[in-house]
Amino acid sequence: MTDFQATRRQFDLPEGMIYLNGNSLGPMPKAAVPAMTGFLNDEWRTELIKGWNTKNWFMQTNTLGDRVGRLIGAPEGTTVVGDTLSIKVFQAVAAGMAMVPDRRVILSDNGNFPTDLYMVEGLIKLKDAGYTLRTPDPEDVMAGITEEVGVVMITEVDYRTGRRHDMRAIIERAHSVGAVVVWDLAHSAGAVPVDVGGCDTDFAIGCTYKYLNGGPGAPAFIHVAPRLLDTVEPFLSGWYGHEAPFAFDKDYRPMPGRIERMRIGTPSIASFALLSAALDIWDGVDMGDLHAKSIALSELFIREVESRCPGLTLVSPRDPQARGSHVSFAYENGYAAMQALIAENVIGDFRAPDVMRFGITPLFIGEVEIMGAVDTLEAILKEERWKDERFQKRSLVT
Ligand SMILES: *Cc1c(COP(=O)(O)O)cnc(C)c1O
């Protein structure tokens, strides 16, 4: 059994704060501080350029990639970290398009995170070859997977509602019509059990600053099915993906048969130090245990909010198996109510037009925090504290 008391002790959360936003930016592991000072003092300062070899900086894309890979069911040697998720969307979809050159439809859904759709729009413009992006309602994705579709690009867990797609069923359907599948696991990695290997997806991408707690701007990851590693076209053909980066050839030749071909350029090694410290916590975590606890806490939260907080309507699926690890409620005064909660040190977030979002992250959240958060929310609604002038003004980042 995973020891969630032990994982909680490994985070440095401010005294008195109830942090229900680990789905957006995970909190800082205590080990982040020694990891960063260690990197500065014992790696950058002392090793300088030698660090690429002596501290293995050059291959941390892969060693960290394999550790993330374990959490999403990826076999060793099929996942690398680096770049940003937006860039990985572009790279994976571009690679997918090239695998089905005679098809011109990319299928996503209208609940996808905007940057995923924006990146594909840009890619379509760049290709200038008659591609279209279809975005049906999430419920209509299965029916939309037809022989016209080249690439199915789906985010497993909806960032607003927490709605979770059936990954295995979508992959089976897509492969049966000859389409390629790209999964965005931004709200899945570290949130729910994922088995990219067992489901045989073509590509999976995600970020490490949400549930994985790698820190703001932590690197993204990409997984490619082993059967594609010899042929997949990286397109963002940077020197880090070259067969022999230090041959400094004039021409690009992707690294044959290896996931390194999806690397692009020099990653932030400082950021890798933080990610490594965060992944140390995950090494002791079983995703089945985590999911069971996430469901128990989410059910408690939903039950308490529904019985004590009139006006809030659950917009997440009621079936826990059809949800990720955050819970969302619609409320017409949601923005102001969330600001009032934050002022009382209960941190969730708000997504337009009216969604209050709460991340349920068992590594550092338990029943006490869930009950404390609902107590505060109930009081804010009862006393209409959200009506205060200072809770009406929108910040740059919500
Ligand atoms: C958080 C998130 C992103 C963010 O992309 P960045 O490039 O890291 O800013 C993209 N897609 C989804 C589905 C997300 O949830």
Side-chain angles (χ1 to χ4, degrees), residues 20-27 61 64-65 68 71-72 79-94 96 106-123 133 135 138 141 151-165 167 170 181-192 194 196 201 203-223 236 262-265 267-268 271-272 274-275 278 315-316 323-328 348-352 355 357-361 396-398:
L20 300 176
N21 216 337
N23 55 310
S24 211
L25 174 67
T61 47
L64 293 169
V68 172
L71 300 171
I72 59 166
T79 309
V80 279
V81 296
D83 316 304
T84 69
L85 178 48
S86 300
I87 289 170
K88 285 331 204 187
V89 168
F90 187 96
Q91 191 182 29
V93 175
I106 297 161
L107 182 75
S108 188
D109 69 56
N110 60 22
N112 205 343
F113 192 83
T115 203
D116 296 44
L117 304 177
Y118 300 162
M119 293 308 289
V120 172
E121 273 182 41
L123 178 53
L133 170 63
T135 55
V141 163
V151 179
V152 179
M153 176 195 69
I154 302 288
T155 295
E156 188 192 14
V157 176
D158 186 302
Y159 74 105
R160 266 184 304 214
T161 63
R163 182 190 191 285
R164 186 180 177 196
H165 278 291
M167 191 159 168
I170 286 179
V181 196
V182 176
W183 283 98
D184 188 328
L185 303 178
H187 286 277
S188 309
V192 291
V194 182
V196 293
T201 190
F203 300 92
I205 53 182
C207 55
T208 62
Y209 52 79
K210 291 174 178 162
Y211 290 90
L212 297 181
N213 314 309
F221 64 84
I222 184 166
H223 155 81
L236 295 171
M262 303 312 274
R263 307 194 304 182
I264 302 171
S268 165
S271 174
F272 282 0
L274 297 177
L275 177 59
V315 292
S316 298
R323 276 200 309 262
S325 201
H326 67 272
V327 172
S328 302
D349 66 12
F350 174 82
R351 288 290 173 265
V355 174
R357 206 168 60 146
F358 301 92
I360 312 293
T361 47
L396 180 61
V397 175
T398 64

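For the numbers below, each heavy atom of this structure counts, side chains included, while hydrogens, waters and symmetry mates do not. The model shown is predicted, which means the values in this text are computed figures rather than measured ones. In each ligand, atom 1 is the first atom listed, and ligand 1 is the first ligand listed.
- By the salt bridge (Lys or Arg N to Asp or Glu O under 4.0 Å) test, R263 pairs with no residue at all, sequence neighbours left out.
- Looking at V315 and R160, their side chains never come closer than 4.5 Å, going by heavy atoms from C-beta outward.
- Remark: R163 engages E139 in a salt bridge (Lys or Arg N to Asp or Glu O under 4.0 Å) (not counting sequence neighbours).
- Under the 4.5 Å side-chain criterion, counting only non-hydrogen atoms from C-beta, F113 is not in contact with D184.
- Taking 4.5 Å as the limit, some side-chain heavy atom of L107 sits within range of a side-chain heavy atom of V141.
- Identified under the side chain to side chain donor-acceptor pair (under 3.5 Å) test for residues 82-93, with sequence neighbours left out: D83-K88, S86-T115, K88-Q91.
- Using a 4.0 Å heavy-atom criterion, the residues that approach ligand 1 are T84, L85, S86, F113, T115, D116, T155, D184, A186, H187, Y209, K210.
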